[in-house]
Amino acid sequence: MIAAVGLLVGIVAGVLLHPEVPVFLQPYLPIAVVAALDAVFGGVRAVLDGIFDDRVFVVSFLSNAVVAALIVYLGDQLGVGSQLSTGVVVVLGVRIFSNAAAIRRHLFKA
Amino acid sequence: MGLPGVSGEPGPRPPGARPAASPWRRLWRAARPRATRAQLLAGVLCAALGFGVVVQVRQTDVAGLADLRESDLVRILDDAGERGDRLAEEVRELERTRSELTAGSDSAEAAARAAEQRALELGLLAGTVPAVGPGITATIADPAGEVGAAAFVSLVQELRDAGAEAIQVGDVRVVASTAFEEPPAGAGAGVVVDGTLLTPPYEVRVVGDPQTVATALDIPGGVRESLRQLSAELSVETAEEVRVTALHAVSSPQYARPASPGATAGSE
């Protein structure tokens with residue numbers, strides 16, 4: 001519940017403040033957001049599995065975002081930034097889908 | 001999936017380890033607001049996520065060239081360059097067309113100017129426009145009232161012979177059709193010019209070469225002498241600027257029609 005409220009608060013804050021994204025962050029923010037989404041789905045799945053651990057959630061959330069951004073940064077430096085960010089998005093997308101499938105199986109037994 | 005930090009990733013679940021509580025109840029229990037560290041942290045992180053999503057969505061809305069990668073920028077630059085070349089070619093084309101059209105309208109304009117100039121010149125001859133230029137102002141003092149139409153006819157004749165280009169007697173413009181008549185009996189001294197009765201002294205304004213015109217009036221046996229015989233005095237002033245302001249009202253001819261050039265060529 002607090003998590004849902006936090007999500008709402010974040011959205012509202014973003015709408016109201018509409019801050020400017022710093023230029024050096026612009027290529028990495030979308031990847032970090034997708035990675036954080038992956039962490040959230042993983043957390044929900046862990047709750048349903050009964051093995052949710054707040055420490056693991058926080059660490060995985062932050063490290064997911066940072067590592068995803070880091071990979072894209074490295075790719076940019078190596079000249080394969082667009083390909084690598086596509087790869088990261090594909091990987092994260094697959095994980096989000098598998099987590100969502102696990103959640104669905106828990107909730108709907110299907 | 002090479003990403004580390006897998007959140008709450010469940011390991012392979014032993015078949016019998018499935019929790020007894022229904023997943024919905026478990027979810028509900030986890031969602032109940034409790035002031036635990038886990039709840040607060042999850043709330044903060046989710047707030048960060050929501051913030052990030054909104055910011056990124058807005059950023060994508062306004063994304064311009066700054067977000068693009070080098071290769072995309074190069075492609076866009078190429079496109080822009082090609083487009084610029086095409087447009088420059090179009091500009092050259094249009095400018096050429098414009099200069100052609102301008103030249104065309106220039107010659108039409110020149111023709112119109114020439115026609116207008118000619119109309120003005122003809123207007124001077126026909127007496128429909130005022131004339132100004134060097135010339136003379138002649139005054140005929142006629143105390144005896146002896147000066148008649150014949151004297152004016154020879155005066156105008158002499159002026160035209162001397163190259164006068166515009167003549168005004170009194171306030172009547174002298175044109176090709178001007179007629180001088182004696183005034184009706186009993187009207188006293190004077191002369192009728194184109195139906196207007198003029199009385200002495202008469203003022204004659206002439207635009208033309210002042211020296212030639214003035215000399216023409218002075219030749220022996222000329223206008224000045226004939227006037228003196230009529231006991232009238234002719235005084236002439238030359239001026240650099242004489243204004244012939246009287247206008248002749250042109251009425252369209254009632255009988256004469258322009259003949260075709262072929263017909264006039266035969267008669268000439």
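Lettering follows sequence order; numbering is per chain, from 1. Any value given below was found using the heavy atoms of this structure, including those in side chains, with hydrogens, waters and symmetry copies removed.
- No part of Ser98(A) comes within reach of chain B, as not one of its non-hydrogen atoms sits under 4.5 angstrom from that chain.
- With salt bridges taken as basic N to acidic carboxylate O contacts below 4.0 Å, none links Glu116(B) and Arg113(B).
- Taking Arg173(B) as the reference, nothing meets the salt bridge (charged side-chain N to carboxylate O under 4.0 Å, His left out) condition, with sequence neighbours excluded.
- For Thr178(B), the side chain to side chain donor-acceptor pair (under 3.5 Å) test picks out Asp194(B), with sequence neighbours left out.
- A salt bridge is absent between Glu100(B) and Arg98(B); no separation between the charged side-chain nitrogens and carboxylate oxygens falls under 4.0 Å.
- Residue contact with chain A, scored on non-hydrogen atoms closer than 4.5 Å, involves the backbone and the side chain of Val53(B) alike.
- No other option in Leu37(A), Ile103(A), Val44(A), Leu8(A) has as many heavy-atom pairs under 4.5 Å with chain B as Leu37(A).
- Ring planes of Tyr73(A) and Tyr28(A): perpendicular class, angle over 60° (limits at 30 and 60°).
- Ranked by heavy-atom pairs under 4.5 Å with chain A, the list Leu41(B), Val55(B), Leu45(B) is led by Leu45(B).
- Annotation: maximal heavy-atom pairing with chain B below 4.5 Å, among Gly79(A), Ala65(A), Ala36(A), Pro30(A), occurs at Pro30(A).
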